[in-house]
Amino acid sequence: MDSSALVFVATCDLAGQVRGRAVPSPDEPSALRTGTGWVPADLAITSFGPIAPDNVFGSVGDLRLIPDAATRVDIPADEGRPGLRLYLADQTTPDGEPWPCCPRTFLRDALRELRERTGLVVTASVEHEFTLEGLPSGPPFSLQRLRDAEPFGSDLIHLLDQAGLEPETWLPEFGDGQFEITLRPSDALVAADRAVLLRELVRDLARRRGLRATFAPMTDPEGAGNGVHIHLSLRDADGRPVLHDSGRPGALSECGARFAAGILRHAAALTAWTAPSPVSFLRLAPHRWSAGGVFLAERNREALLRICPTTRIAGADPATQFNLEYRAADATANPWLALGALVRAGLEGLTRDYGEPTVWPEDAEETDLANVPALPGSLQEALAALEEDEVVRSWFDPRLPATQLSVKRHELALLEGLDDAARTRKVSDVY
Ligand code: GLU
Ligand code: MG
């Protein structure tokens with residue numbers, strides 16, 4: 001391992017951007033104990049830089065960023081650029097009490113409440129698509145495009161492996177310059193931490209290789225979208241998977257159907273957390289294989305919630321692979337808040353009476369699906385849905401949705417008057 005002079009302690013904000021502070025490496029033990037300083041209003045910074053004008057935190061207050069030792073990642077020294085040690089942190093008050101607006105604490109609390117009220121534990125995996133700029137064009141999924149991205153691809157897999165992120169597949173995706181990386185499923189907090197880290201590791205490696213990686217949901221209004229697909233499964237206290245029941249529609253258990261019902265019921269407000277950029281809703285339209293409507297379906301890439309395929313090859317057990325995929329997320333979302341909000345919505349479904357959702361079979365025709373509810377058509381509509389959904393707002397300290405609304409409305413204002421091509425460019429520049 002290279003020794004790094006700097007240790008960066010980071011959080012991820014409402015814009016899904018990673019920010020933090022570095023300390024000299026001899027101070028790492030004390031930073032692990034007492035953290036580094038931080039400022040509440042940092043949560044009100046827009047993705048484009050300016051702070052939202054109606055920032056509820058004002059200019060006062062102080063926080064600590066307390067690194068979680070389990071999140072440690074070492075970026076090795078590379079071609080003249082020194083190495084760096086990186087930690088993700090929880091935000092606390094100066095006395096070390098959890099800060100009620102900390103996004104990572106929000107996810108941890110959601111997982112704890114799910115466990116306490118239902119005995120269930122979430123396993124998750126967050127799948128990312130992104131665009132690598134600076135490479136020749138080539139056919140989708142081709143060996144040629146995979147090879148043209150070398151040594152970036154091999155270096156990335158090596159880096160993720162060394163960092164403990166458990167890379168699973170690396171592929172040249174459908175869009176021009178588009179790639180996808182998947183990681184193995186893990187405990188849900190670990191999966192969200194990995195999503196935060198993955199985006200930074202990809203962008204950092206691309207810069208070192210003379211490329212530019214962007215996770216913007218759209219880089220060109222006519223092109224393919226960059227999705228973030230969140231895979232979820234539930235286990236009971238003994239570690240037994242509980243989503244699978246081969247006797248039911250889609251082989252989705254009653255518990256799974258109820259969990260899905262909560263996500264479907266609150267879908268519109270959820271997108272204000274999971275797809276929160278001014279261009280996210282260019283991607284979330286029908287026929288883009290992103291999420292074309294609010295429905296649950298077997299193996300359908302237009303569904304908001306897709307029941308993923310399983311295999312029995314070599315004696316594999318479908319129950320242990322069975323998972324639901326939420327497709328209306330992108331990398332402008334904060335992974336802790338996105339996953340936490342999905343867990344909260346699922347918990348509402350498990351504990352309220354939302355009824356059984358329709359499980360659309362694999363052979364459902366487009367005409368069959370014509371009347372499924374639409375997702376919000378724009379970020380403005382998603383934010384209005386969040387304002388109206390009292391259940392969703394009740395999951396948060398009121399300052400969090402208030403800040404989400406002001407940050408996101410200011411981002412919209414900063415792009416006002418631009419056409420879709422210019423808006424996608426502006427968002428690509430900062431993601
Ligand atoms: N690019 C699609 C999206 O925007 C996903 C395609 C796929 O199913 O991998 O979500
Ligand atoms: Mg894909």
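Counting starts at 1 for both ligands and their atoms, in listed order.
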Original post:
Do N226 and ligand 1 have an N or O pair less than 3.5 Å apart?
Top reply: no
Original post:
Which atoms of ligand 1 are found less than 4.0 Å from any heavy atom of E173?
Top reply: 7 (C), 9 (O)
**OP:** Answer with yes or no whether the side chains of E180 and W170 bring together a donor and an acceptor at under 3.5 Å.
**Re:** no
**OP:** Compare R283, Q178, E129, E180 and give the one whose heavy atom is closest to atom 10 (O) of ligand 1.
**Re:** R283
**OP:** Give a yes or no answer on whether the side chain of R108 reaches the backbone of P103 with a donor-acceptor pair at less than 3.5 Å.
**Re:** no
**OP:** Answer yes or no: does an N/O atom from S290 fall short of 3.5 Å to an N/O atom of ligand 1?
**Re:** no
Original post:
Does an N or O anywhere in E127 fall below 3.5 Å from an N or O of ligand 1?
Top reply: no
Original post:
Closest approach of L211 and G134, non-hydrogen atoms and distance?
Top reply: CD2-O, 3.8 Å
Original post:
How close does the nearest protein non-hydrogen atom get to atom 8 (O) of ligand 1, and which residue and atom is it?
Top reply: R327 NH2, 2.8 Å
Original post:
Angle subtended at the Mg ion (ligand 2) by OE2 of E129 and OE2 of E173, to 10 degrees?
Top reply: 90°
**OP:** Identify, by atom number and element, the atoms of ligand 1 in contact range of R301, meaning under 4.0 Å from any of its heavy atoms.
**Re:** 8 (O)
Subject >> Closest protein heavy atom to atom 5 (C) of ligand 1, given as residue, atom name and distance to 0.1 Å >> reply: W289 O, 3.2 Å
Original post:
Where the side chain of E302 meets the backbone of R288, is there a donor-acceptor pair that is under 3.5 Å apart?
Top reply: yes
**OP:** Please name the atom of E180, restricted to N, O or S, that is closest to the Mg ion (ligand 2).
**Re:** OE1
Subject >> Any N or O of R288 closer than 3.5 Å to N or O of ligand 1 >> reply: no
Original post:
Are any of the side-chain heavy atoms of E173 and F130 separated by less than 4.5 Å?
Top reply: no
Original post:
Do D429 and R425 meet the salt-bridge criterion of a basic N to acidic O distance under 4.0 Å?
Top reply: yes
Original post:
So does R104 pair up with D68, basic N to acidic O under 4.0 Å?
Top reply: yes
Subject >> Pair S280, S277: side-chain N/O donor-acceptor within cut-off below 3.5 Å >> reply: yes
